[in-house]
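Please read all numbers here as calculations on a predicted model, not as lab measurements. The first residue in the sequence is number 1, and the count goes up from there.
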Amino acid sequence: MFPQRRMRRLRRTAALRRLVAETHLRVDDLVAPLFVREGIEEPHPIASLPGIVQHTRESLRKEVRELVELGIPAVILFGVPAHKDARGSGAWDPDGIVQVALRDLRDDVGNSIVLMADLCLDEYTDHGHCGVLTPDGHVDNDATLDLYAQAGLAQAAAGADVVAPSGMMDGQVAAIRDALDEDGYESVSILAYAAKYASGLYGPFRDAVDVTIVGGGDRRGYQQDYRNSREALEEIRLDIAEGADMVMVKPALAYLDVLTRARAEVDVPLAAYHVSGEYSMVKAAAANGWIDGDAVALEHLIAIKRAGADFILTYFAREFAESFAG
Ligand code: PBG
């Protein structure tokens with residue numbers, strides 16, 4: 001018997017496949033994560049993130065100007081301070097590295113690209129946790145909220161369009177929103193890392209920001225347990241109720257089910273963070289000649305969009321935009 005319906009008819013030529021493609025990845029979908037390090041003279045390569053560097057203030061400016069030319073709509077900044085302390089003061093100091101970098105970029109590129117700032121303490125604390133610690137070594141949720149509010153204000157004053165709290169403290173979005181509104185920054189928006197899992201895939205990022213969690217600890221006391229997905233929806237609903245303008249699921253590929261559920265549930269813009277480990281695995285396998293890195297990168301990014309993301313934070317942003325420009 002002949003098959004009833006011939007599915008292969010529409011796969012016959014590239015043009016037919018293009019015509020019926022359900023998902024498209026555009027440069028407009030991509031946010032480039034960038035690292036800027038205080039007190040260095042030259043950009044430093046990050047061994048576990050091939051092609052990505054810790055920028056100097058100057059090299060960051062050049063990079064962002066080039067990303068504007070390539071059509072990337074947004075960058076998200078992470079700072080590596082020269083000195084870390086128990087309270088992560090570099091995160092809210094007006095002269096902290098990200099604040100200084102935001103002012104540089106605001107002068108250079110104006111509104112031609114969205115300037116996002118990751119809002120957390122872990123890059124700035126000497127113990128590596130995302131919040132301040134109680135005397136017995138636990139992360140103190142409510143004491144941390146005050147510092148997040150200060151960090152948000154410092155980033156807004158320095159010119160951030162979007163602040164992106166990533167520390168998974170309860171109430172962080174409300175605390176930051178209140179502080180911004182009280183100080184006249186009503187127009188600064190919040191991208192909440194709403195459903196952020198305690199993942200093994202952040203390893204290369206921690207090299208990039210020189211973070212080691214004290215005593216070999218982990219973040220399972222505040223980031224989500226990857227056995228749960230209903231809980232992610234609850235996190236997302238809470239963040240929206242607290243005033244998040246956009247929400248994020250992180251990491252991406254192991255959480256496509258969460259992305260799809262979130263997409264069905266909410267109508268605010270939904271982001272996915274294709275994190276450092278996801279990038280590095282592709283790069284490492286490609287460097288060994290085991291996979292075609294470009295092909296797999298595209299397959300992964302498209303899968304994230306197909307699952308429901310509106311935009312993707314990815315270390316592939318520049319490469320992807322260049323492949324279009326070139
Ligand atoms: C916390 C933060 C992390 C990442 C983004 N923001 C690390 C963590 O939670 O340990 C990870 C991003 C990546 O792996 O690419 N400030």
CA sep, side-chain torsions, deciding dist, call: His44, Phe35, side-chain contact (heavy atoms from CB on, under 4.5 Å) | CA-CA 10 Å; His44 284 195; Phe35 302 101; over 6 Å; no
Using 0.5 Å steps for rounding, measure from the [atom1] atom of [X] to the [atom2] atom of [Y].
X      : Y      : atom1 : atom2 : answer
Leu201 : Tyr279 : CG    : OH    : 15.0 Å
Glu265 : Arg263 : CD    : CZ    : 11.0 Å
Asp183 : Asp178 : CG    : CG    : 11.0 Å
Leu313 : Met116 : CG    : CE    : 6.5 Å
Lys305 : Leu30  : NZ    : CG    : 9.0 Å
Asn228 : Leu233 : CG    : CG    : 11.0 Å

[X] side-chain N/O to [Y] backbone N/O, donor-acceptor pair under 3.5 Å:
X      : Y      : result
Glu38  : Pro81  : no
Gln99  : Asp93  : yes
Arg57  : Ala101 : no
Lys196 : Ser166 : yes
Thr144 : Val132 : yes

Test of understanding: clusters of I, L, V, M, F, W, Y form through side-chain heavy atoms closer than 4.5 Å, transitively. Do [X] and [Y] belong to the same one?
X      : Y      : answer
Phe311 : Tyr193 : yes
Val275 : Leu270 : yes
Val100 : Phe78  : no
Val53  : Leu67  : no

Side chain to side chain donor-acceptor pair (under 3.5 Å) test vs Thr314 passes for just one of His274, Glu278, His300, namely His274
Can you tell if the side chain of [X] reaches within under 4.5 Å of the side chain of [Y], non-hydrogen atoms only?
X      : Y      : value
Ile176 : Ile190 : yes
Leu253 : Ile304 : yes
Arg261 : Arg230 : yes

[X] atom [atom1]: more than 12 heavy-atom contacts under 6.0 Å:
X      : atom1 : value
Glu41  : CD    : no
Arg237 : CZ    : yes
Arg220 : CZ    : no

Discussion item. Assess the residue pair Leu153 and Leu180 against the criterion (side-chain contact (heavy atoms from CB on, under 4.5 Å)); give the C-alpha distance rounded to whole Å, side-chain angles, the decisive distance to 0.1 Å, and a yes or no.
Written reply: CA-CA 6 Å; Leu153 289 177; Leu180 291 173; 4.2 Å; yes
- Message: Walk me through whether Val27 and Leu70 qualify under side-chain contact (heavy atoms from CB on, under 4.5 Å).
- Response: CA-CA 8 Å; Val27 176; Leu70 287 165; 5.7 Å; no
Short N-O contact, [X] and [Y], less than 4.0 angstrom:
X      : Y      : value
Glu322 : Arg318 : yes
Arg177 : Asp239 : no
Asp122 : Arg219 : yes

Notebook entry, point to check: What residues, two or more places apart in sequence or in another chain, satisfy salt bridge (Lys or Arg N to Asp or Glu O under 4.0 Å) together with Arg306?
Noted result: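 Applying salt bridge (Lys or Arg N to Asp or Glu O under 4.0 Å) to Arg306 gives none.
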How far apart are the closest heavy atoms of [X] and [Y], and which atoms are they?
X      : Y      : value
Gln54  : Ile40  : O-CD1, 3.7 Å
Leu121 : Cys130 : CB-O, 3.6 Å
Ala117 : Leu102 : CB-CD1, 4.3 Å
Ala262 : Ile236 : CB-CD1, 3.7 Å
Ile97  : Gly79  : CG2-CA, 3.9 Å
Ser48  : Asp207 : OG-OD2, 2.8 Å

Item to complete: Would you sort out whether Asp210 and Lys84 count as a salt bridge (charged side-chain N to carboxylate O under 4.0 Å, His left out), showing the intermediate values?
Response: CA-CA 10 Å; Asp210 297 334; Lys84 305 192 185 216; 5.7 Å; no
- With sequence neighbours excluded, residues passing side-chain contact (heavy atoms from CB on, under 4.5 Å) with Ala175: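 Leu145.
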**Asked** Which pairs pass salt bridge (charged side-chain N to carboxylate O under 4.0 Å, His left out) with one or both residues in residues 149-163, sequence neighbours excluded?
**Response**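 Sorted result for residues 149-163: Arg106-Asp161.
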Next item on the list: Could you tell me how the ring of Tyr197 sits relative to the ring of Tyr255: parallel (under 30°), tilted (30 to 60°) or perpendicular (over 60°)?
Entry: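 Answer is parallel, since the angle falls under 30°.
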cation_pi(Lys250, Tyr202) dist<6.0 Å, angle<=45
yes
Requested in this report: Show your working on salt bridge (charged side-chain N to carboxylate O under 4.0 Å, His left out) between Lys62 and Glu66 and close with a plain yes or no.
Outcome: CA-CA 6 Å; Lys62 180 162 172 285; Glu66 289 170 7; 3.3 Å; yes
Checking side-chain contact (heavy atoms from CB on, under 4.5 Å) for the pair Leu115/Val75: CA distance, chi angles, key distance, verdict?
CA-CA 6 Å; Leu115 298 179; Val75 296; 3.9 Å; yes
